Engineer: 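Got a structure here, written out as structure tokens. Questions coming.
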Amino acid sequence: MSSVDKSGTYKLGDRPVRRLGYGAMQLAGKGVFGPPKDHDAAIAVLREALANGVNHIDTSDYYGPHVTNRLIREALAPYPDDLVIVTKIGARRGSDASWLPAYSPEELTQAVHNNLGNLGLDVLDVVNLRIMFDTHGPAEGSIEAPLTVLADLQRQGLVRHIGLSNVTRAQIAQGRRICEIVCVQNQYNLAHRQDDALIDELARDGIAYVPFFPLGGFSPLQSSTLSGVAERLGATPMQVALAWLLPRSPNILLIPGTSSVEHLRENLAAAELELSAEVLSELDGVAKAA
């Protein structure tokens, strides 16, 4: 049994995936823009992820742009039958590497076709609609227009399942009136826990919750409590932060990203960490102190 097997499984749409997956964002260049610093290393990371049992990869054609999807295709095609590739639309990159909304029907349709072409697929397993009303986090506003476009692309057979990213509870409710929503991808980690109640609600409805920035993102988690627990367990703080997420709720699917094979192996080994009730309670205090 690999480390990833110990994370368990959960259904993403109609496909069971291991709960510890891989996020491809960091395979692009600095600032998620341009080609990777080391092309061969990027290919090696993707192949190592699958060799260790990962069967859920998160990506987007606006990473690079077009960089990570082409790397995934080069490294992994023809794809294993059990691999689920989840992508995102709703944003584009400016020439200055800025992140810009891209919600027009033409932009959304082109984004789906770009993902299909660069990944070398006839149909996308899951497409998340990324909401960009506020680049710093979820902000209220109607998502009906862009989601209706994506739902139409689903009816055309280009997309199997639909998810939402960077959304509020009200937007999720609105989305579920338009089409089936199989996953929600929001920021959530040991210190950033605004979605606590939402995660439990989604779990009751069988909807996957995929935390982005599970390790803090561009500002890695810093906590003396986290460091102390890690030292006692003989693990890294990031391994403990990932291990804390797995028992938090069965519908949580993890997609930690890295451009290093060594760091990838460390992340996947987090599934082997067993945290006692006392340790979990201690770690819960990190959010209260943040």
Side-chain angles (χ1 to χ4, degrees), residues 1-10 17-27 30-32 41 45 48-49 52-54 56 58 136-138 166 184-203 208-290:
M1 178 183 288
S2 71
S3 297
V4 177
D5 286 321
K6 295 180 181 179
S7 68
T9 61
Y10 193 81
V17 296
R18 295 181 183 93
R19 293 181 60 213
L20 191 45
Y22 173 72
M25 184 175 75
Q26 293 187 34
L27 294 182
K30 185 177 180 181
V32 201
V45 167
E48 182 72 13
N52 281 273
V54 167
H56 169 207
D58 181 84
H136 301 293
N166 200 43
V184 171
Q185 189 178 94
N186 276 3
Q187 182 178 359
Y188 184 82
N189 55 49
L190 192 58
H192 190 281
R193 297 185 57 179
Q194 284 87 336
D195 275 359
D196 265 335
L198 174 62
I199 290 171
D200 297 334
E201 291 170 13
L202 295 175
Y209 183 91
V210 188
F212 64 76
F213 292 164
L215 304 178
F218 299 112
S219 302
L221 295 173
Q222 302 290 329
S223 163
S224 57
T225 299
L226 178 60
S227 299
V229 168
E231 186 174 357
R232 296 201 309 271
L233 296 178
T236 69
M238 297 303 99
Q239 285 176 322
V240 173
L242 288 172
W244 174 83
L245 284 161
L246 287 171
R248 168 61 188 83
S249 183
N251 65 325
I252 287 181
L253 301 177
L254 302 183
I255 50 167
T258 179
S259 58
S260 156
V261 167
E262 181 181 3
H263 188 206
L264 171 73
R265 290 171 180 159
E266 284 186 3
N267 286 343
L268 299 183
E272 299 188 20
L273 278 180
E274 294 186 12
L275 306 182
S276 68
E278 290 77 16
V279 165
L280 290 172
S281 177
E282 185 178 355
L283 291 171
D284 282 342
V286 172
K288 298 181 178 68

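In this text the structure is predicted, and so the values were computed from the model without any measurement. Heavy-atom basis, side chains included; hydrogens, waters and symmetry copies ignored.
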Engineer: For S7 and V4, indicate whether the former's side chain and the latter's backbone hold a donor-acceptor pair under 3.5 Å.
Structural biologist: yes
Engineer: Could you tell me whether the side chain of S260 reaches within less than 4.5 Å of the side chain of V45, counting heavy atoms only?
Structural biologist: no
Engineer: Sub-3.5 Å donor-acceptor pair from the side chain of Q185 to the main-chain atoms of F212, do we have one?
Structural biologist: no
Engineer: With rounding to the nearest 0.5 angstrom, report the CG to CD distance, D195 to Q187.
Structural biologist: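 Answer rounded to 0.5 Å: 9.5 Å.
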Engineer: In a check of side-chain contact (heavy atoms from CB on, under 4.5 Å) between W244 and each of N189, V229, D284, which one passes?
Structural biologist: D284
Engineer: Has R19 got a side-chain atom pairing as donor or acceptor with I252's backbone, closer than 3.5 angstrom?
Structural biologist: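 Yes, the answer is positive, given that a donor and an acceptor are paired below the 3.5 Å cut-off.
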Engineer: Can you check whether R193 reaches Y188 side chain to side chain, under 4.5 Å on heavy atoms?
Structural biologist: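 They are in contact (side-chain heavy atoms under 4.5 Å apart), so the answer is yes.
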Engineer: Side-chain contact, heavy-atom cut-off 4.5 Å: L233 with L275?
Structural biologist: yes
Engineer: Here's a test for you: under side-chain contact (heavy atoms from CB on, under 4.5 Å), which of D196, L280, L190 qualifies with R248?
Structural biologist: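 Testing each of D196, L280, L190 against R248, the sole residue satisfying side-chain contact (heavy atoms from CB on, under 4.5 Å) is D196.
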Engineer: Write down the atom of I255, the atom of P211, and the distance for their closest heavy-atom approach.
Structural biologist: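 So the two residues come closest at CG1-O, 4.1 Å.
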Engineer: Taking all non-hydrogen atoms of both residues into account, name the closest pair between S3 and A271 and its distance.
Structural biologist: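 Where S3 meets A271 most closely, the heavy atoms are O-CB, 3.0 Å.
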Engineer: Between the side chains of Q26 and S259, does any donor sit under 3.5 Å from an acceptor?
Structural biologist: no
Engineer: Measure the spacing between CG of D5 and CG of N52 and express it to the nearest 0.5 Å.
Structural biologist: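 That separation rounds to 10.0 Å.
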Engineer: Report, as yes or no, whether the 6.0 Å neighbourhood of atom CD on E231 holds more than 12 heavy atoms from other residues, nucleotides or ligands.
Structural biologist: no
Engineer: At their closest point, which heavy atom of A270 faces which heavy atom of L242, and how far apart are they?
Structural biologist: CB-CB, 3.8 Å
Engineer: Donor-acceptor pair, E272 side chain versus A269 backbone, under 3.5 Å?
Structural biologist: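 Answer holds: no.
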Engineer: Nearest heavy-atom pair of G21 and P256: which atoms, and what distance?
Structural biologist: O-CD, 3.7 Å
Engineer: Once rounded to the nearest 0.5 Å, what's the spacing between atom CG of L273 and atom CG of L246?
Structural biologist: 9.5 Å
Engineer: State the CZ-CG distance between R265 and N267, to the nearest 0.5 angstrom.
Structural biologist: 12.5 Å
Engineer: Go through it in stages, so that I can follow the logic: the residues are Y209 and L245, the test is side-chain contact (heavy atoms from CB on, under 4.5 Å), and I'd like the CA-CA distance, side-chain angles, deciding distance and then a yes or no.
Structural biologist: CA-CA 11 Å; Y209 183 91; L245 284 161; over 6 Å; no
Engineer: Using 0.5 Å steps for rounding, measure from the CG atom of N251 to the CD atom of E201.
Structural biologist: 11.0 Å
Engineer: R18 and H56: side-chain contact (heavy atoms from CB on, under 4.5 Å), yes or no, with the steps?
Structural biologist: CA-CA 7 Å; R18 295 181 183 93; H56 169 207; over 6 Å; no
Engineer: Taking C-beta and beyond as the side chain, do D58 and V210 meet within less than 4.5 Å on heavy atoms?
Structural biologist: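 In short, these two side chains do not touch, never coming nearer than 4.5 Å.
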Engineer: For the pair N186 (side chain) and N166 (backbone), establish whether a donor and an acceptor sit closer than 3.5 Å, ignoring hydrogens and angles.
Structural biologist: yes
Engineer: Do L283 and L226 pass the side-chain contact (heavy atoms from CB on, under 4.5 Å) test, and can you show the C-alpha distance, the side-chain angles, and the key distance before you say yes or no?
Structural biologist: CA-CA 7 Å; L283 291 171; L226 178 60; 4.1 Å; yes
Engineer: Hey, could you give me the OG1/CE distance between T258 and M238, rounded to the nearest 0.5 Å?
Structural biologist: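 Rounded to the nearest 0.5 Å, the OG1-CE separation comes out at 12.5 Å.
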